[in-house]
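Below: the structure, in structure tokens.
Residue numbers start from 1 in every chain, and the chains themselves are labelled A, B, ... in the order their sequence lines are given, proteins ahead of strands.
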Amino acid sequence: MAEVWTIAETHNGSLKEVSFELLARGRALADELEVPLASVVLASHTREGELERLAAYGADIIYVAEDERFASFTVHSHAAVLLPLVRDHGPQIILAAATTTGRTLLPYLAVKLGCGLTADCTSLAIEEGTGNLLQIRPAIGGNIMATIKSPDHRPQMATSRPRSTPLGNMDTTRRATVIRVDPPSLSTDPVEVLGVRPFRDQQTSIEDARTVVSGGKGLKKRENFTLIEQLATALGGEVGASRDAVDRGWATYPHQVGLSGKTISPELYIAIGISGAIQHLAGIKTAKRIVVINNDDEANILDIADVAIIGDLFAIIPVLLRRLNERRKTQ
Amino acid sequence: MHIIVPIKQVPQSSDVKMDPVTGTMIRSGRSSTLNPLDLYALEAAFRLTEAHGGSVTVVTMGPDSAANILKEALSMGAERAIHLTDRPFGGSDTYATSYVLSRAIEKIGSYDLVITGERATDGDTAQVGPGIAAWLDLGLVTYVSSIEEATSTHLVAERLVEEGYQRVQVALPALLTVVKEIAIPRLPTLKGKKRAMASTIERWDAEAIEADRSRIGLKGSPTRVVKIETPKVARSCTIYHADGDEATLAAVDHLIDLLEEQQLLKEVHHG
Ligand SMILES: Cc1cc2nc3c(=O)[nH]c(=O)nc-3n(C[C@H](O)[C@H](O)[C@H](O)COP(=O)(O)OP(=O)(O)OC[C@H]3O[C@@H](n4cnc5c(N)ncnc54)[C@H](O)[C@@H]3O)c2cc1C
């Protein structure tokens, strides 16, 4: 029975959260198809107990290749393991995260394997009768939803964004078959990783954040942008920005949300002094809840907001910060 | 240094119609533009050739109107422009598109680098760049945010990834996809526009690039768009007006209660 696979991602020996989200999606598909679900882990090492966690979240089989070279990602070192593994085991579906890693690896594999790939799927389902994977994704700046399938090619491949699906139930009594894979010796990797320079401002990436607080041109000047930073800190979130704010140097490009920046799906998105241009909205269409602070009660952003406070942000944010602070003290 | 930059024509706005039968995009009759993220690929290429000598060739696959974006690239400083246009190319997905572009790049020949934008703003897949690298067996470095060093044999660059900036060295020839941080794109110059007017754009069809017919167009595309829907925006917005101190306080407290209810406030650590 052709398996369903998910590609796990690790960082310093620990599995990233998205690895388990992929298992939640994969589990549903594997159950529907009545086939085993496997997770593939390429890592320099895996911490004690990590593989058991994959089993607890639904993996029946775990393929593990451990090697120093997987400490950092290169598409060539990963493909060297995955291409023969896929050819040997012939999975019918491969799911990966729509991260910089997944979005580099999967299109490369898709061409090498001669199969189809759909990026950024927001939902996945099995077509009745044919068993084909239905891959649903937003297209054209989120204005339409397209259902895509790949009827004549296997494996069917798809990526989905971190935080685009909840985790499945954890069951620590579940066990998986662990299959160790010897990484083939790769004579030369055209890409050599020299190191990683962390972000100067100690931000984790906004794509992984549960809460993102974004500021736009309504902040008026650089000094005022600290209001956004303070609110993000108070809410345990990250700072985002509109393009106008980034262009003015109030925030750096990794913080830009929108069509030419990042597409994010946080639990909570707070847009402050942002009008909601179509290009900005393209980046937040899949956010779970959207809160707006704006003095224009006709701003576009209200079309997709859940809650809005209409008024002067310079009056509202200090009060918000004060109340959050008071709440913390009384608890 | 010879650099090839594949570029794409995209609709000006996100308001695009889809053909309900084939599931492909209907573009005709709508204003189109150069994919804004390709400007960064072009800029990176121009800076490299200005610093190290060489030239930039641009290539696009698309209908007749796509010649406009080639002209634009020529007026910014590209030396040669190739237009891949043929009926059988129509309906290509990212697999078929990356195949067609890779055939063209092979035919152009003797290049050190291929540079693409991070993704196109219409399809938004970011798949064509890595796909071309796979067809041509090139070293692949995606999400490049800066190029520190370039020699005739290798390049040192930084990639913008989730953990920060990953520094890599890649052997040439290679394919890079670049992000916006790489450089500020230039505008076409008047002199450049005149030069572009005088240049000819080469038109290549499927035969010219010796494309395998089973790998191009709708027929050569593994993926099929089977349904298009316009999602209904189900959100209804609760609005609080913060006019005056009292109303502001009330609005803020409503918001905090709501966030608390939905467990969206930062966990408070006791002790
Ligand atoms: C190809 C292309 C790609 C683009 N990509 C992106 C992208 O990735 N991301 C992006 O964000 N944009 C992008 N844009 C730009 C986009 O079109 C808008 O120009 C931009 O999003 C506007 O930024 P803004 O909302 O901060 O500014 P504005 O549109 O100027 O909005 C400012 C808002 O602040 C409010 N405001 C002002 N003062 C106050 C106050 N005192 N209190 C409360 N509210 C106040 C105003 O009511 C207004 O709503 C792109 C554009 C193009 C053409």
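Between chain B and the residues A:Ile316, A:Asn295, A:Ile136, the most heavy-atom pairs under 4.5 angstrom are made by A:Ile316. Contact count versus chain B (heavy atoms, under 4.5 Å) is highest, among A:Pro254, A:Ser72, A:Ala110, A:Ala315, for A:Pro254. Most heavy-atom pairs under 4.5 Å with chain A: of the set B:Gln166, B:Glu260, B:His254, this distinction falls to B:Gln166. When A:Gly195, A:Ser260, A:Gly236, A:Gly114 are compared by the number of non-hydrogen pairs under 4.5 Å with chain B, A:Gly195 comes out ahead. Of the listed residues (B:Gly164, B:Ala247, B:Pro130, B:Pro222), the greatest number of heavy-atom pairs within a distance under 4.5 Å of chain A belongs to B:Pro222. Comparing B:Gln169, B:His154, B:His241, B:Glu118 by heavy-atom pairs within less than 4.5 Å of chain A, the highest count is held by B:Gln169. Across A:Val193, A:Val246, A:Asp312, A:Thr263, the residue that shares the most heavy-atom pairs under 4.5 angstrom with chain B is A:Val193. Note: A:Thr104 leads A:Thr118, A:Thr104, A:Val319, A:Val75 in heavy-atom pairs under 4.5 Å with chain B. Interface check for chain A: of the options B:Val141, B:Leu249, B:Asp243, B:Leu37, the most heavy-atom pairs under 4.5 Å are formed by B:Leu249. In terms of non-hydrogen atom pairs under 4.5 Å with chain B, the most contact-rich of A:Leu324, A:Asp152, A:Asp297 is A:Leu324.
Between B:Val168 and A:Thr74 there is no side-chain heavy-atom pair separated by less than 4.5 Å. Side-chain atoms of A:Lys112 and B:Asp137, non-hydrogen and from C-beta on, do get closer than 4.5 Å to each other.
A salt bridge is defined here as a Lys NZ or Arg NE, NH1 or NH2 lying under 4.0 Å from an Asp or Glu carboxylate O, and A:Lys262 with B:Glu162 fails to meet this definition. Under the 4.0 Å criterion applied to side-chain N and carboxylate O atoms, B:Asp257 and A:Arg323 are not assigned as salt-bridge partners.
Proximity to chain A is limited to the side chain of B:Leu258, based on heavy atoms less than 4.5 angstrom apart. Proximity to chain B (any heavy atom under 4.5 Å) is shown, for A:Asn12, by neither the backbone nor the side chain. Interface remark: A:Val291 contributes side-chain atoms only to the contact with chain B (heavy atom separation under 4.5 Å). Heavy atoms of A:Thr211 lying under 4.5 Å from chain B belong exclusively to its side chain. Only the backbone of A:Ala234 comes within less than 4.5 Å of a heavy atom in chain B; its side chain stays farther off. There is no contact between A:Leu105 and chain B, counting heavy-atom distances below 4.5 Å. Using a 4.5 Å cut-off between heavy atoms, A:Arg154 makes no contact with chain B at all. Heavy atoms closer than 4.5 Å to chain A are found in the side chain of B:Val156, but not in its backbone. There is no contact between B:Asp245 and chain A, counting heavy-atom distances below 4.5 Å. Heavy atoms closer than 4.5 Å to chain A are found nowhere in B:Leu172, neither backbone nor side chain. At a 4.5 Å heavy-atom cutoff, A:Lys329 makes no contact with chain B through either its backbone or its side chain.
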For this session: Mind running side chain to side chain contact (heavy atoms under 4.5 Å, CB included) on A:Val191 and B:Leu140 for me, showing each step along the way?
Result: CA-CA 7 Å; A:Val191 180; B:Leu140 169 62; 5.8 Å; no
Problem set entry | Full working for side chain to side chain contact (heavy atoms under 4.5 Å, CB included) between B:Leu265 and A:Leu235 | CA-CA 6 Å; B:Leu265 291 180; A:Leu235 292 169; 3.6 Å; yes
For this session: Verify side chain to side chain contact (heavy atoms under 4.5 Å, CB included) between B:Thr121 and A:Gln279, making sure each step is shown before the conclusion.
Result: CA-CA 10 Å; B:Thr121 56; A:Gln279 295 90 353; over 6 Å; no
For this session: Step by step, work out the side chain to side chain contact (heavy atoms under 4.5 Å, CB included) result for B:Thr94 and A:Leu117.
Result: CA-CA 8 Å; B:Thr94 59; A:Leu117 166 63; 5.6 Å; no
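Note that the CZ atom of A:Arg137 and the OG1 atom of B:Thr125 stand 6.5 Å from one another [nearest 0.5 Å]. Interatomic distance, CG of A:Leu106 versus CD of B:Gln127, reported as 8.0 Å (0.5 Å rounding). Of the inter-residue distances, the one linking B:Arg167 atom CZ with A:Glu192 atom CD reads 10.0 Å to the nearest 0.5 angstrom. Within the model, atoms CD of B:Glu148 and CG of A:Leu194 stand 8.0 Å from one another, a figure rounded to the nearest 0.5 Å. The CD1 atom of A:Ile301 sits 10.0 Å away from atom SG of B:Cys237, with the distance rounded to the nearest 0.5 Å. Here OG1 of A:Thr101 is found 9.0 Å from OH of B:Tyr143. Values are rounded to the nearest 0.5 Å.
Partner of B:Val226 under the side-chain contact (heavy atoms from CB on, under 4.5 Å) criterion, chosen from A:Lys149, A:Glu127, A:Gln135: A:Lys149.
When all heavy atoms of A:Ile309 and B:Leu255 are compared, the closest pair comes out as CD1-CD2, 4.0 Å. Contact detail for B:Val161 and A:Phe199: the closest heavy-atom pair is O-CZ, 3.5 Å. Closest approach of A:Arg210 and B:Gln263 over heavy atoms only: NH2-O, 2.9 Å. The minimum heavy-atom distance linking B:Thr142 with A:Thr100 is given by the pair OG1-O, 4.5 Å. B:Thr223 and A:Gly116 make their closest contact through CG2-CA, 3.7 Å (heavy atoms, listed as atom of the first residue, atom of the second, distance). Taking both residues in full, the closest heavy atoms of B:Arg119 and A:Leu259 are given as NH2-O, 2.6 Å, listed atom of the first, atom of the second, then distance.
Neither side chain, B:Gln262 nor A:Lys288, offers a donor N or O lying under 3.5 Å from an acceptor on the other.
A distance-only check finds no donor-acceptor pair linking the side chain of B:Lys180 to the backbone of A:Gly261 [under 3.5 Å].
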